[in-house]
Amino acid sequence: MMTTLDMMNNSKIDRQSMDRQCESNSPRPIIHDDTPRSLGFCGWFFIILSIIFTISLLPVTIFMCIKIVQEYERAVIFRLGRILDRKPKGPGMFFVLPCTDTFTKVDLRSKSFDIPPQEILTKDSVTVCVDGVVYFRVSDPISSVANVKNADLSTRLLAQTTLRNVLGTKNLSEVLSDRESISHNMQCALDEATHPWGIKVERVEIKDVKLPQQLQRAMAAEAEASREARAKVIAAEGEMNASRALKEASMVIAESPSALQLRYLQTLNTIAAEKNSTIIFPLPIDLLHPFMSRK
């Protein structure tokens with residue numbers, strides 16, 4: 001009877017064999033295929049025929065043979081469907097053979113595109129809408145032409161998937177406060193994935209994080225309650241400090257009775273300056289002493 005350990009070992013062996021089979025069957029990138037290529041008899045025949053045709057109609061074909069690319073462009077030449085010389089041509093002028101050579105221009109300038117808003121479920125089960133921007137350029141023209149059909153479109157689609165995958169592992173607080181780390185992780189992931197395509201991701205930025213209306217109201221209420229609590233604490237501390245100051249002032253006045261009389265006169269002066277229509281009859285405190293002594 002087969003034990004659990006034997007079943008696990010057999011499963012592990014099956015997975016390893018499947019991985020080796022997938023690796024052996026997976027196509028290698030064209031740029032790394034350095035096996036010698038031969039045009040064959042037919043290929044050389046068409047090339048010689050094209051050269052003869054070019055020489056015979058030289059005044060006319062000279063305009064068909066000379067091509068120019070700009071400083072920021074490179075040309076990938078295909079001769080009978082195969083990449084010529086394994087390196088791009090340019091900048092400047094280069095020659096092609098009519099009927100047998102075709103070429104593709106590749107722009108090396110940095111490009112940017114906006115990531116459409118993505119509905120993402122964060123790690124703490126909050127739905128947010130996030131968009132961003134990606135800056136990239138072509139670092140290897142041959143790989144961008146030979147290894148992928150449309151490098152720009154593929155990078156755009158991969159950026160959307162990477163944004164969802166990266167933000168799906170973050171909490172809402174991390175998404176709102178740790179944008180630089182998220183952008184760096186996205187850049188590393190995109191750069192590694194697009195390297196076989198000859199694409200270099202230079203920068204990734206998170207533009208906006210949109211929260212649901214209910215969540216915005218809840219967060220606003222929480223922030224308002226927190227501010228009110230802090231305001232009450234500050235007011236209580238102020239009252240406590242004021243009471244301490246009043247206590248010290250009363251102790252000073254109790255030690256010197258004349259200080260109370262001076263404070264009384266200062267209060268009368270303040271009232272007279274602010275409210276001139278108010279009539280005040282000063283009553284000396286000494287007149288109250290007999291009544292207080294009787295008690």
Side-chain angles (χ1 to χ4, degrees), residues 26 29 31 70-74 105-235 237:
S26 60
I31 187 60
Q70 304 295 331
E71 181 69 28
Y72 53 83
E73 293 178 336
R74 297 296 184 270
K105 289 184 179 180
V106 179
D107 196 339
L108 301 183
R109 292 176 294 182
S110 296
K111 304 176 185 178
S112 63
F113 64 88
D114 293 328
I115 302 177
Q118 304 292 315
E119 292 286 342
I120 299 170
L121 184 65
T122 61
K123 189 177 180 180
D124 49 355
S125 301
V126 178
T127 303
V128 294
C129 186
V130 184
D131 58 353
V133 59
V134 177
Y135 299 88
F136 71 99
R137 61 179 174 85
V138 177
S139 60
D140 191 343
I142 294 180
S143 297
S144 65
V145 173
N147 291 345
V148 63
K149 182 177 181 180
N150 192 333
D152 293 351
L153 179 60
S154 301
T155 305
R156 293 171 185 267
L157 298 177
L158 185 60
Q160 299 177 21
T161 306
T162 304
L163 178 63
R164 290 193 294 267
N165 293 338
V166 172
L167 293 183
T169 60
K170 303 292 183 180
N171 295 325
L172 179 60
S173 58
E174 296 176 350
V175 173
L176 296 177
S177 61
D178 199 9
R179 295 191 180 186
E180 293 184 0
S181 177
I182 295 174
S183 301
H184 180 71
N185 293 337
M186 283 189 59
Q187 178 183 353
C188 294
L190 277 174
D191 194 17
E192 182 179 358
T194 57
H195 178 70
W197 303 342
I199 300 296
K200 173 64 178 177
V201 179
E202 297 179 337
R203 191 176 183 88
V204 178
E205 292 293 340
I206 302 297
K207 293 176 60 178
D208 189 18
V209 179
K210 297 181 181 179
L211 302 177
Q213 294 295 331
Q214 296 180 355
L215 182 59
Q216 291 182 13
R217 288 193 292 266
M219 294 178 67
E222 181 183 1
E224 184 178 359
S226 178
R227 288 194 296 269
E228 290 180 355
R230 289 196 299 269
K232 291 180 179 179
V233 171
I234 294 173
E237 291 178 353

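To the nearest 0.5 Å, atoms CD1 (I120) and NZ (K210) are separated by 13.0 Å. The structure places CD of Q160 at 5.0 Å from CD of Q118, a figure rounded to the nearest 0.5 Å. How far CD1 of I142 is from CZ of R74: 11.5 Å, rounded to the nearest 0.5 Å. Taken to the nearest 0.5 Å, the CG atom of D140 stands 10.0 Å off from the CG atom of L108. Here the straight-line distance linking atom CG of L172 with atom CG of L211 works out to 6.0 Å at 0.5 Å rounding. In this structure, the separation between CG on D124 and NZ on K170 is 12.5 Å, given to the nearest 0.5 Å.
The backbone N or O of W197 lies less than 3.5 Å from no partner atom in the side chain of S144, so there is not a single donor-acceptor pair. The backbone N or O of L121 lies less than 3.5 Å from no partner atom in the side chain of S125, so there is not a single donor-acceptor pair. Under a 3.5 Å cut-off, the side chain of E73 and the backbone N or O of E71 do not form any donor-acceptor pair. A donor-acceptor contact shorter than 3.5 Å is absent between the side chain of S154 and the backbone of A151. A distance-only check finds a donor-acceptor pair linking the side chain of T122 to the backbone of V126 [under 3.5 Å].
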>> Checking I206 against M186 for the side-chain contact (heavy atoms from CB on, under 4.5 Å) test, could you report, in this order, the C-alpha distance in whole Å, the side-chain angles of both residues, the deciding distance, and whether it holds?
In response: CA-CA 10 Å; I206 302 297; M186 283 189 59; 4.1 Å; yes

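The shortest side-chain heavy-atom distance between D107 and V138 does not fall under the 4.5 Å cut-off. Looking at heavy atoms from C-beta onward, V130 lies out of side-chain contact with D208 at the 4.5 angstrom threshold. Between T169 and K123, every side-chain heavy-atom pair lies at or beyond the 4.5 Å cut-off.
In this structure, R203 is not positioned above the aromatic face of Y135 in the sense of NZ or CZ being under 6.0 Å from the six-membered ring centre and within 45° of the axis.
Screening residues 172-193 for side chain to side chain donor-acceptor pair (under 3.5 Å), with sequence neighbours left out, gives D191-K200.
Checked against salt bridge (Lys or Arg N to Asp or Glu O under 4.0 Å), D114 has the following partners two or more places apart in sequence or in another chain: K207.
Considering all non-hydrogen atoms of both residues, T155 and F113 come closest at O-CZ, 3.9 Å. When all heavy atoms of S143 and P196 are compared, the pair lying nearest together is CB-O, 3.7 Å.
With V204 as the fixed residue, the side chain to side chain contact (heavy atoms under 4.5 Å, CB included) test singles out one of V133, I182, V134, T162: V134.
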